[in-house]
K.L.:
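My questions all concern the structure below.
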Amino acid sequence: MAEKKKTTTARELHSEKVLILDFGSQYTQLIARRVREEKVYCEIWPCTAKPAAVRRFNPRGVILSGGPASVYDEAAPLGPKGVFELGVPVLGICYGMQVMAHTLGGEVGHARGREYGRAHLEILRRGGLFHGLSGKSGESSDVVWMSHGDKINVLPKGFRPLARTANAPVAAMADVKRKLFGLQFHPEVVHTPIGTRILENFVRRICGCRPIWDMKSFVDYTIASVRRQVGKNGRVVCALSGGVDSSVVALLLHRAIGDRLTCIFVDNGLLRRNEAEEVVRTFRDHLHLNLDHVDAARRFLRQLKGVVDPEKKRKIIGREFIKIFEEEAKRIGKVHFLAQGTLYPDVIESVSFKGPAAVIKSHHNVGGLPEVMKLKLIEPLRELFKDEVRIVGREIGLPEEIVHRQPFPGPGLAIRIIDEVTDENLELLRAADAIITEEVVKAGLYREIWQSFAVLLPVRSVGVMGDFRTYEKVVAVRAVHSRDGMTADWVALPARILRRISNRIINEVRGVNRVVYDISSKPPSTIEWE
Ligand code: XMP
């Protein structure tokens, strides 16, 4: 008799977990991603979390992040009371280590200067946190990333130094008996090559977490929990854009409740070449989802007539989207739930401890929908980072082109036309953009680049074609590397690819006689021009 496969329950999947307390470091999310890469579930909580809540969470280990404060600042955050007496291992990173030293009776003092950047680590005690690392000074594997102003002068009772650098006599410390560890450097950043091993040693060997957080089990339990939440007769709508997040949400929901899900795809006329047709083909024809394709290009363009201010464009597009979505939901009939592709970084941002994420541009896609429509929310990706969403996508059969699609902003090409959004400008930008994508794909660079695209500038320049003087538009090419869109570096595309892109745009796109390359990083620039 065939054995019935047992579905992993949510409780099992989350049973062996680590809690990360955020003291405001820009790297806190990276810590979480590294832990998840070890297949260990973790959550980020603000360092102001209540001690009782921490105990209830019942983690197998706690990590204290870095942060901008000094323990001697007035009102310096010191984390939930009793965190070192929980009886589970604790790892303090940078400021987190200083909190540990300060709280447990050690002495933290100001370093002579801020130490920032690469340093060589000399490991004094092998094993434990440094299990499997050679520790010979001067080897490239011992390079670590420092960023601190304070240092440990006197260790708390019971602690011993584990490693040092030229400027930090206590670069790592431990009280092995109580399983308390501190690192002055950042193991979570790529500039600390041995960091992955250190974090693995902490969560797997020291905390004893098994690698049970995997995306296949995640899919099973999410489908089961969506079915429970929606019930036998509940109906769900979701906004599908064709990007990876909303596509994964749609497919997961379809697996869970089939035709009781309707995907609303609003074609706002601001999409890239052939994009709308591809979305319809993939989701309706190929994956057989119940897809409501709303061709609203004219409506959006009418609203955008004469508008050049970027924030105004965003507001108009957001408002119109909500209006259309509401109309459609009404037309579809009795709907109870709205499914959204909220990811874990969005969740963290709303609870983060004085994070650096001030609002520079208002990014509203479907924001505001749930309040307006009084629908109950389903957010199946709330626990996931983008890399995990991609793995889930592959797990449930999403085509590779969508799994690896570069991000595309909700307001679409409207914020890449640094001018009024007209049919003519859209056509021009689409043609230039398609050439860039084609060439980047052909060069095999599409996946490693975060975003590559064209921007249409509101400038005309003089040129000469054959015997004629021309006076035409300028296209900027933008390509950036990024991990999450928060910071970005411009990509040094090979000259031969830039040459091809420029030749093709000038030859094939009528109305453009000049192409420039954007060599600005974020910050201080942003990825999109508007
Ligand atoms: P910026 O331009 O702020 O972009 O550096 C960071 C990331 O966000 C995308 N972006 C948007 N996404 N609605 C969106 O859904 C928006 O209004 C918006 N503006 C920018 C951008 O493409 C990049 O990936």
Side-chain angles (χ1 to χ4, degrees), residues 26 29 238-249 265-272 275 279 300 303-304 307-322 325 340-350 355-369 379 381 385-387 389-390 402 404-418 421 429 433 436-437 440 446-457 476-491 518-530:
Q26 55 175 324
Q29 282 198 31
C238 101
L240 182 71
S241 70
V244 59
D245 305 341
S246 67
S247 301
V248 170
V249 168
F265 167 51
V266 178
D267 178 357
N268 56 14
L270 307 166
L271 302 176
R272 289 160 292 187
E275 203 168 352
V279 169
F300 279 87
Q303 296 293 329
L304 287 167
V307 179
V308 289
D309 177 76
E311 282 302 288
K312 267 200 196 129
K313 286 180 186 171
R314 277 200 171 77
K315 294 234 158 68
I316 290 169
I317 294 165
R319 206 177 48 217
E320 199 59 22
F321 178 86
I322 291 180
F325 197 91
Q340 264 188 355
T342 314
L343 302 194
Y344 194 44
D346 310 325
V347 177
I348 302 166
E349 207 160 285
S350 62
V359 176
I360 315 266
K361 300 172 184 177
S362 51
H363 286 193
H364 37 201
N365 287 336
V366 283
L369 268 183
E379 298 177 306
L381 311 181
F385 286 107
K386 191 91 174 182
D387 356 19
V389 175
R390 293 210 160 99
I402 298 179
H404 286 287
R405 181 166 276 186
Q406 292 179 352
F408 184 65
L413 299 180
I415 56 165
R416 294 179 180 171
I417 293 173
I418 318 305
V421 184
L429 185 58
D433 191 74
I436 295 173
T437 304
V440 168
Y446 183 83
R447 281 194 191 184
E448 70 186 65
I449 290 176
W450 173 260
Q451 275 172 296
S452 43
F453 56 88
V455 183
L456 185 63
L457 307 191
V477 179
R478 179 99 168 117
V480 295
H481 285 310
S482 175
R483 287 202 74 126
D484 48 19
M486 300 287 286
T487 61
D489 251 341
W490 61 276
V491 179
D518 180 350
I519 51 169
S520 345
S521 292
K522 173 182 179 175
S525 302
T526 51
I527 296 176
E528 307 289 346
W529 278 43
E530 288 199 332

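Since the structure is predicted, the reported quantities are computational estimates derived from the model, not experimental observations. Atoms within each ligand, like the ligands themselves, are counted from 1 in listed order.
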K.L.:
Using a 4.0 Å cutoff against the non-hydrogen atoms of Thr526, which atoms of ligand 1 qualify?
P.N.:
1 (P), 2 (O), 5 (O)
K.L.:
So if I count the atoms of ligand 1 from 1 in the order they appear, which ones are less than 4.0 Å from some heavy atom of Gly485?
P.N.:
6 (C)
K.L.:
Evaluate the salt bridge (Lys or Arg N to Asp or Glu O under 4.0 Å) criterion for residues Lys313 and Glu530: first the C-alpha distance (whole Å), next the side-chain angles of each, then the deciding distance (0.1 Å), finally the verdict.
P.N.:
CA-CA 10 Å; Lys313 286 180 186 171; Glu530 288 199 332; 3.0 Å; yes
K.L.:
Any N or O of Arg416 that comes nearer than 3.5 Å to an N or O of ligand 1?
P.N.:
no
K.L.:
Using a 4.0 Å cut-off to any heavy atom of Lys522, which atoms of ligand 1 qualify?
P.N.:
1 (P), 3 (O), 5 (O), 6 (C)
K.L.:
Any idea which heavy atoms bring Ser525 and Arg478 closest together, and the distance?
P.N.:
CB-NH2, 4.5 Å
K.L.:
Are the side chains of Pro407 and Gln451 in contact, using a 4.5 Å heavy-atom criterion?
P.N.:
yes
K.L.:
Please work out which of Ile415, Ile317, Ile527, Thr487 has its closest non-hydrogen atom nearest to atom 4 (O) of ligand 1.
P.N.:
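Among Ile415, Ile317, Ile527, Thr487, the closest heavy atom to atom 4 (O) of ligand 1 belongs to Ile527.
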K.L.:
Can you measure from CG (Asn268) to CG (Leu413) and round to the nearest 0.5 angstrom?
P.N.:
8.5 Å
K.L.:
Please could you name the atoms of ligand 1 that Gly410 approaches to less than 4.0 Å, counting only its heavy atoms?
P.N.:
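With Gly410 as reference, the close atoms of ligand 1 come out as 12 (N), 13 (N), 14 (C), 15 (O).
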K.L.:
What are the atoms of ligand 1, with element, lying closer than 4.0 Å to any heavy atom of Pro411?
P.N.:
13 (N), 16 (C), 17 (O)
K.L.:
Any side-chain heavy atom of Val421 sitting closer than 4.5 Å to one from Phe300?
P.N.:
no
K.L.:
Is any side-chain heavy atom of Val491 closer than 4.5 Å to a side-chain heavy atom of Ser452?
P.N.:
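Not in contact.
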K.L.:
Under 4.0 angstrom from ligand 1, any heavy atom of Phe408?
P.N.:
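Contact absent.
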K.L.:
Taking all non-hydrogen atoms of both residues, which atom of Ser482 and which atom of Ala488 are closest, and how far apart?
P.N.:
CB-CB, 4.0 Å
K.L.:
Pull out every atom of ligand 1 sitting under 4.0 Å from any heavy atom of Trp450, numbered as shown with elements.
P.N.:
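Listed by number with element, the hits are 24 (O).
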K.L.:
Would Gln451 count as a polar contact of ligand 1, with the cut-off being nitrogen or oxygen pairs under 3.5 Å?
P.N.:
yes
